[in-house]
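Inspection log for the structure reproduced underneath, given as C-alpha cells.
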Amino acid sequence: MKAQTEQRTGLLYGFGAYGMWGLVPLFWPLLKPSGAIEILAHRMVWSLAVVGVALLAMRRWGWIRELLRQPRKLALTTLAASVISVNWGLYIWAVNNGAVVEASLGYFINPLVTIAIGVLVLGERLRRAQWAAVGIGVAAVLVLAIGYGRPPWISLVLAFSFAAYGLIKKKLNMGGVESLAAETALLFLPALGYLLWLGTQGRSTFALDDPGHSWLLAATGLVTAIPLICFGAAAIRVPLSTLGLLQYLAPVFQFGLGVVYFHEAMPPERWAGFSLVWVALALLTWDALRTARRSRARLAEAGASAATAATAATTATTAPATTASEAAVAVAAQVAGGAEVAGAVHGAPEPPPTVATPARGPA
C-alpha cells in the first residue's frame with residue numbers, strides 16, 4: 001500500500017515537473033523588453049540564490065569539497081554548464097522570437113539524437129526497431145528542412161546540446177540540486193558581470209520604473225529550480241520507464257501552445273515532418289516497452305528455476321554431491337543470463353530504448 005502511495009506521489013511530481021517545463025513558453029514573453037542573454041544571465045544568478053537556500057535547508061555541503069578535489073569532474077561540470085547555457089539561451093530566444101513550435105521539435109527529436117550519440121560516441125548497438133526510428137527521424141528532419149526552406153537549426157541545436165548535456169551528466173553522476181548549484185556557481189560571476197556591464201551602459205531592464213518586471217526577472221530562479229526539485233522527487237518514486245514516457249509531456253504542451261496560443265504557422269509539410277517524428281517516437285516507445293516486458297519475463301523465469309533447483313538440492317538426500325553442484329552451476333548460468341538481459345535494458349551493451357534519464361527538462 002505504501003509503495004502504491006509513493007508511486008502515485010511520484011507521478012504527481014512527474015506531471016508537475018514536465019507540466020511546468022511544457023508551460024514555460026508562457027513565462028518568457030512576460031520578461032520583454034529584456035533580451036534573451038539578459039534573461040539568461042538573470043536565470044543563472046537567481047537560480048544560484050534559490051538552490052543555495054535549498055542546500056542550506058538540506059545541509060548538504062560535503063559534495064563541494066569532493067568536487068574541488070577532482071579536476072576532471074570540475075572540468076566536466078564546467079563543460080556541462082557551458083552546454084546547458086547554450087540550450088537555455090537559445091530556447092528563450094526562440095520562444096520570444098515566434099519559434100515555439102520549432103523549439104518543441106528539438107525536444108521531440110532529443111531521444112533520437114541521444115540514441116545516435118550513444119552509437120557514435122559510446123559504440124552502443126541498436127535493435128532493428130531503434131534503427132528504424134532513427135531513420136524515420138532523419139527523414140523527418142529532411143522533410144522539415146524542405147518545409148522551412150532551411151535546416152531546422154533551432155531544433156537541431158536544442159536537441160544536440162541537450163543530448164550532449166545528458167551524456168556529460170551521466171559521466172558526472174551528481175544529484176540534481178547539487179549539479180545545478182555547481183553549474184550556476186561556475187556561471188554566476190560571468191552572468192553577474194554581464195548584468196553589471198549592462199547597467200553601466202544604461203541597457204539593463206532590471207531597474208525599470210515597473211518593479212513588477214524586476215520581480216519577474218528574479219522569479220527566473222524559481223522557474224528553473226522548482227521543476228527540477230519536482231523531477232528529483234519523481235525520479236526516486238517511479239520506474240525509469242514511466243519517467244521516460246512522462247518526458248514527452250513537455251514538448252507536447254510546447255507544441256500545443258505554439259499552434260493554439262501563439263498561432264504559429266503549420267503548413268502541410270510541417271505537419272508531415274512532425275508526423276514522422278511522432279511515428280519514430282511511437283516505434284521507440286513500443287520497442288522499449290516490449291524489451292522491458294521480455295526482460296522481466298526472462299528474469300522471473302530464471303528466478304523460478306533458481307528457487308526450484310535450490311529446493312531440489314536441499315531435499316535430495318540420495319543424490320550424489322556432484323548432482324547438486326551441477327544444479328548450482330546450471331542455476332548460476334540461468335541467473336547470469338537474466339542479469340545480462342537486465343543489463344541490456346538498462347544501458348549495457350545497448351542504450352536505453354527511450355531516453356528515460358533526462359538530467360533536466362527542456363529549458
Side-chain angles (χ1 to χ4, degrees), residues 1-27 43-44 46-64 66-67 77 80-81 84 87-88 91 107 110-111 114 162-163 165-185 218-254 285 288-289 292 345-347 352-363:
M1 187 68 181
K2 184 179 179 181
Q4 291 180 347
T5 302
E6 284 289 293
Q7 281 213 0
R8 282 196 294 268
T9 303
L11 279 174
L12 290 175
Y13 276 121
F15 277 112
Y18 285 106
M20 284 185 278
W21 280 323
L23 297 176
V24 78
L26 296 173
F27 179 72
R43 189 176 188 180
M44 295 170 181
W46 296 108
S47 293
L48 181 61
V50 173
V51 175
V53 171
L55 289 174
L56 188 63
M58 295 184 292
R59 298 180 180 179
R60 283 157 58 174
W61 304 103
W63 60 272
I64 298 177
E66 181 184 350
L67 178 62
T77 304
I84 201 61
N87 186 277
W88 283 359
Y91 185 83
Y107 295 105
N110 174 251
T114 301
F162 198 66
Y165 179 74
L167 178 64
I168 298 168
K169 298 291 284 184
K170 183 178 180 181
K171 294 181 179 296
L172 276 172
N173 193 27
M174 289 178 64
V177 177
E178 292 87 347
S179 63
L180 179 61
E183 291 157 20
T184 50
T220 55
L222 293 173
V223 169
T224 301
I226 291 177
L228 180 64
I229 293 171
C230 289
F231 172 79
I236 61 175
R237 289 177 171 86
V238 299
L240 209 58
S241 57
T242 303
L243 206 61
L245 294 176
L246 285 177
Q247 72 173 318
Y248 295 124
L249 286 177
V252 166
F253 285 171
Q254 293 165 12
T285 303
L289 295 175
V345 174
H346 293 290
T354 58
V355 185
T357 55
R360 186 170 305 149

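Below, each value reflects all heavy atoms present in this structure, side chains not excepted, and no hydrogens, waters or symmetry copies.
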Task: Shortest non-hydrogen contact between Ala234 and Gly14, atoms and distance - done: CB-N, 3.5 Å
TODO: Over all heavy atoms of both residues, which pair between Leu172 and Ala80 is shortest? Give the atoms and the distance, please.
DONE: CD1-CB, 4.4 Å
TODO: Go through Ile168 and Lys171 one step at a time and tell me if the side chain to side chain contact (heavy atoms under 4.5 Å, CB included) criterion holds.
DONE: CA-CA 5 Å; Ile168 298 168; Lys171 294 181 179 296; 5.8 Å; no
Open item on the list: Return the CE to CZ distance between Met20 and Phe253, rounded to the nearest 0.5 Å.
Closed with: 11.5 Å
- [ ] First locate atom CD of Glu178, then atom CH2 of Trp61, and finally report the distance between them rounded to the nearest 0.5 Å.
- [x] 10.5 Å
Task: Parallel, tilted or perpendicular: rings of Tyr107 and Tyr91 (30°, 60°) - done: perpendicular
Task: Partner residues of Ala182 under the side chain to side chain contact (heavy atoms under 4.5 Å, CB included) criterion, sequence neighbours left out - done: Trp63, Leu67, Thr77, Met174
- [ ] Enter the distance from Asn110:CG to Tyr248:OH here, rounded to the nearest 0.5 Å.
- [x] 9.0 Å
Task: Taking every non-hydrogen atom, the tightest pair across Leu48 and Ala181 - done: CD1-O, 3.8 Å
Task: Nearest non-hydrogen partners of Gln254 and Gly22, listed with the distance - done: CG-O, 3.5 Å
Task: 4.5 Å side-chain heavy-atom contact, Leu249 and Trp21 - done: no
Open item on the list: Looking at every heavy atom in both Val50 and Ala225, which two are closest together, and how far apart are they?
Closed with: CG1-CB, 3.5 Å
- [ ] Report the distance from atom CG of Asn87 to atom CZ of Phe162, rounding to the nearest 0.5 Å.
- [x] 6.5 Å
- [ ] Return the minimal non-hydrogen interatomic distance between Thr220 and Phe27, and the atom names on each side.
- [x] CG2-CE2, 3.9 Å
Task: Trace of the side chain to side chain contact (heavy atoms under 4.5 Å, CB included) decision for Leu180 with Thr184 - done: CA-CA 6 Å; Leu180 179 61; Thr184 50; 3.8 Å; yes
